[in-house]
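Down below is the structure, laid out as structure tokens.
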Amino acid sequence: MLIDLQGQIERITYNNEENGFTIAKVKVYGHRDLVTVVGNLLAPTPGEVIKMRGEWANHPKYGKQFKVVYYKSLVPASVYGIEKYLGSGLIKGIGPIIAKRIVNEFGEQTLDVIENDIEKLAQVEGIGKKRIQMVKKAWAEQKEIREVMLFLQTHGVSSGYATKIFKHYGNKSVQILKDNPYRLATDIFGIGFLTADRIAEKLGFPKDSELRAEAGILYILHQLADDGHTCYPYEKLIDKCQEILQIDQEVIIRAFSTVTADKRVVIEDLNEGIEEIKENNKAVYLTKFHFAETGIASRLKTLIHTPKSIRQIDSDKAIQWVQSQLAITLAERQVEAVKCAVKDKVIIITGGPGTGKTTIINAIIKIFAKIGVNMMLAAPTGRAAKRMSDATGHEAKTIHRMLEYSIKKGGFQKNEQNPLPCDLLIVDEASMIDTILMHHLLKATPSMSTFIVVGDVNQLPSVGAGNVLKDIIASGTVPVVELNEIFRQAKESLIIVNAHKINNGSLPSLKPSEQELNDFYFIEQEDPEEVLKIILELAKERIPNRFGLDAIDDIQVLTPMHKGIVGAENLNVELQKALNPAEDSVTWGGRNFRINDKVMQIKNNYERGVFNGDMGRIAKIDPDVQEVIITFDGMDVVYDYTDLDEIVLAYAVSVHKSQGSEYSAIVIPILIQHYVLLQRNLIYTGVTRGRKLVVMVGTRKALAIGVRNNKTQNRYTYLKRRLSLQLSGNCFVN
């Protein structure tokens, strides 16, 4: 039987922001001891008075608990409660110290003063006009948020999402959810289709509603894009939609008609240029990917067929001159690369570590600088751009910064109408460039410019959708020079030698001799718990002590998986405990962040100027204003607590997220449990991230499985075929 209880929250034992599940200690009227309360509480706050309906239960381990079925938040009644309530961080601008001063000044009238005569707060030490305005705004928002939260609570929405929903829609939140809860999936980062679907069900939307089918199609296409596909076969997509949405095919087909008519998706007939017509040979794209993929093909065609602005150079003389300038002798393939760079408009240079890609870039820069060519250098990430600058002595920017993205001005400022001021553009780490970014880059490249693309095609493809570098190479439409000779100095590094062995399908050398530089180690261990212990020892003591490296800045753990004992999530929790036992912290979205933590941005945020994969360190946590300051490459970036779902701990990251970066030392767990993800290009990419030291911990069997597995996951794109159709007369592959 359900009963009613009322009490004041004393402390929060546990709160999961994702689903709202909370364990709290509550001072209940009529009970001498604090009552353990469990249930879904939205943004529970110490000092808050709540009226609960629920039932008593006996937990086998934790004893008597009150399980909440429904509750209502009331205004805190006591002076003590008011102080706890205000000092909890609920109201931006008031922390524990300021809360105590306010309550000392106004006592039981505190909330009435904030509600009706807020200017009186100026009487309190440390509160000026700016803070009063901050408190006034936050107090008003909290009242409205509470109303929205009450509505959301009854429809199964967690507290972590309530603030985001209110922040995006304001007072229209409830009405928008009633009209179309599926908007949440596309409008708000962090709220996907599954959450929106649960809310819609509570609101009474039928399973076969067209709104649900339309949102489901978009959700599935976005999921496929996250897996790297720019498009998906129409028939397969229909089947997948039926399987996931559990609705009739007729409803799905009608929804396809709507989202196509609304130009949210594009359905393209792929029979063009094929003699044998295949029925229903169609691909479905999210509109932005279709626009970008067709745009890449169109822009490359324009670049190739437009005369170059750079005057003709005698390549033989240029090669002879640059060799004397750099005091080197270029290898045969390097000579070929320089000749192509001088002769052609678009060129791709690919090769593994130690094959001289940087030497070629330097040679090309020197030749073109001699004749006064306007050059620009770019790379996809900040770390890659910095490495390019250091290696060449010329400024290199991230592609985003070079294209001058501005959220206030509506996107990239460099485009067809306002192209980049260059005659030569060199882009490094091109395997990381996804379809959308490559399209924006090509749009901004002047038609008369020479476009040189450098990258390692054997690495993992981009995190974003597409397989651009591989598709362009495979299309046979632009000159490609593959560097495959490892130079003498590089041969002294076991990291480089082993990387090439892995890429060729051979097992790496796991026992370096005394004559070889010990920069590659393999520690045999099959028990995941023991692997975890070894990784913690390596990061905290063994590597820093032996190699003089910083445990946080210089050492990076790379893992194939997110889940499991040696997955990124658990490794980050354990490494944080071992390497950064700082006390100042904030818990958000089920994750704890501490001062000095190494963190990674997991979403492009153009407004802040930080992008997916950027790494930083937490410099400050301010509970009064509910802000966290994170330093990225010397730049301080401010995050509101509600934006912390864009950040994850980065002591350990997936191999995919490490692309474009180099670290002094890397540690890679490799176990049979990783079977699904054990692929040659993943191991190769991971190993090539290490500059001075690579340590693998796991089993030889798992390593052998990965090295033998060269079946990379197929990505559905149509770029290769599109380029072949448009540029069929330009097959130059070397």
Side-chain angles (χ1 to χ4, degrees), residues 223-230 350-353 429-435 455-471 473-474 482 484 495-510 520 522 526 528 531 535 556-569 571 613 652-663 666-690 694-717 720:
Q223 291 293 105
L224 291 166
D226 288 344
D227 290 337
H229 307 292
T230 58
T350 184
E429 293 286 359
S431 63
M432 296 180 64
I433 304 176
D434 61 35
T435 300
D456 186 347
V457 75
N458 294 307
Q459 286 188 26
L460 288 168
S462 57
V463 175
N467 208 348
V468 179
L469 181 64
K470 190 173 183 180
D471 282 350
I473 291 172
E482 183 180 358
N484 50 21
I495 295 173
I496 290 174
V497 170
N498 279 340
H500 284 273
K501 283 187 175 183
I502 290 165
N503 191 42
N504 292 326
S506 302
L507 279 174
S509 301
L510 302 182
F520 189 104
F522 190 92
E526 64 179 352
V531 170
I535 290 171
Q556 184 62 54
V557 178
L558 304 181
T559 177
M561 300 189 80
H562 290 284
K563 303 293 183 184
I565 293 171
V566 288
E569 287 182 13
L571 278 167
V653 300
S654 68
V655 176
H656 232 132
K657 288 285 190 184
S658 72
Q659 280 181 277
S661 298
E662 276 189 355
Y663 310 95
I666 61 164
V667 180
I668 308 174
I670 184 158
L671 295 167
I672 295 295
Q673 285 88 331
H674 299 151
Y675 187 85
V676 178
L677 292 169
L678 290 179
Q679 296 174 349
R680 186 185 300 171
N681 63 348
L682 182 138
I683 297 170
Y684 172 74
T685 301
V687 167
T688 55
R689 300 307 91 202
V694 172
V695 183
M696 303 183 92
V697 187
T699 67
R700 293 167 187 259
K701 184 178 179 182
L703 179 60
I705 289 169
V707 170
R708 283 199 301 265
N709 179 15
N710 200 28
K711 293 179 182 177
T712 56
Q713 183 194 12
N714 179 45
R715 289 188 168 196
Y716 283 105
T717 80
K720 173 188 166 185

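Worth knowing before you read on, the calculation uses all heavy atoms, side chains too, and leaves out hydrogens, waters and symmetry mates.
- For the side-chain contact (heavy atoms from CB on, under 4.5 Å) test, residues two or more places apart in sequence or in another chain that qualify with Ser658 are Leu558, Val653, Val655, Tyr663, Arg689.
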**Prompt:** Could you go step by step and tell me if Arg715 and Ser462 meet the side chain to side chain contact (heavy atoms under 4.5 Å, CB included) rule?
**Reply:** CA-CA 11 Å; Arg715 289 188 168 196; Ser462 57; 3.7 Å; yes
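- Although no hydrogens or angles enter the test, the distance criterion places a donor-acceptor pair under 3.5 Å between the side chain of Asn504 and the main chain of His500.
- Residues satisfying the side-chain contact (heavy atoms from CB on, under 4.5 Å) test with Thr435, not counting sequence neighbours, are Thr230, Ala292, Glu293, Ile296, Val468.
- Evaluation of the side-chain contact (heavy atoms from CB on, under 4.5 Å) rule for Gln223 yields Tyr219, Asp226 as partners, not counting sequence neighbours.
- Minimum heavy-atom separation, Ala225 to Ala465: O-CB, 3.6 Å.
- Judged purely by atom type and a 3.5 angstrom limit, Ser654 has no side-chain atom pairing as donor or acceptor with the backbone of Ala568.
- For Thr350 (side chain) and Gly455 (main-chain N/O), a donor-acceptor pair under 3.5 Å exists by modelled atom type.
- Taken to the nearest 0.5 Å, the CD1 atom of Ile473 stands 9.5 Å off from the CG atom of Asn467.
- When all heavy atoms are compared, the tightest approach of Pro560 to Pro669 is CD-O, 3.5 Å.
- Take Asn458 and apply the side-chain hydrogen bond (donor to acceptor under 3.5 Å, both in side chains) test, not counting sequence neighbours, and it matches no residue.
- A search for side-chain hydrogen bond (donor to acceptor under 3.5 Å, both in side chains) contacts involving Lys470 returns nothing, not counting sequence neighbours.
- Taking both residues in full, the closest heavy atoms of Tyr684 and Gly352 are given as OH-CA, 3.3 Å, listed atom of the first, atom of the second, then distance.
- Shortest non-hydrogen contact noted between Leu571 and Val566 is CD1-O, 3.3 Å.
- Looking only at side-chain heavy atoms (C-beta outward), Asp434 and Val463 stay at 4.5 Å or farther from each other.
- In plain terms, the two heavy atoms of Leu671 and Gly698 that are nearest each other are CD2-CA, 3.8 Å.
- Under the side-chain hydrogen bond (donor to acceptor under 3.5 Å, both in side chains) criterion, Glu526 pairs with no residue at all, not counting sequence neighbours.
- The distance from atom CG of Asn709 to atom CG of Asn681, rounded to the nearest 0.5 Å, is 8.5 Å.
- Taken from CG in Leu507 to CZ in Phe522, the straight-line distance is 9.5 Å, to the nearest 0.5 Å.
- Here Gln556 pairs with Lys598 under the side-chain hydrogen bond (donor to acceptor under 3.5 Å, both in side chains) rule; sequence neighbours left out.
- Going from atom CD1 of Ile666 over to atom OG1 of Thr559 covers 11.5 Å, rounded to the nearest 0.5 Å.
- A 4.5 Å side-chain heavy-atom check between Ser431 and Val457 finds every atom pair outside the cut-off.
- Every residue meeting the side-chain contact (heavy atoms from CB on, under 4.5 Å) condition with Ala430, not counting sequence neighbours, appears here in chain and number order: Ile433, Val453, Leu469.
- Here Glu482 contributes atom CD and Asp456 contributes atom CG; the two are 9.0 Å apart, rounded to the nearest 0.5 Å.
- Residues passing the ring pair (Phe, Tyr, Trp, His ring centres under 6.0 Å) test with Tyr716 are His229, Tyr232, sequence neighbours excluded.
- His656 places no side-chain N or O within donor-acceptor distance of the main-chain N or O of Leu682, the cut-off being under 3.5 Å.
- Between the CD1 atom in Ile672 and the CD1 atom in Ile705 there is a gap of 3.5 Å [rounded to 0.5 Å].
- Heavy atoms from other residues, nucleotides or ligands lying under 6.0 Å from NZ of Lys657 number more than 12.
- Of all the heavy atoms in Thr688 and Ala499, the pair that sits closest is CG2-CB, 3.7 Å.
- Pro508 has its side chain within reach of Leu703: a pair of non-hydrogen atoms, C-beta onward, lies under 4.5 Å apart.
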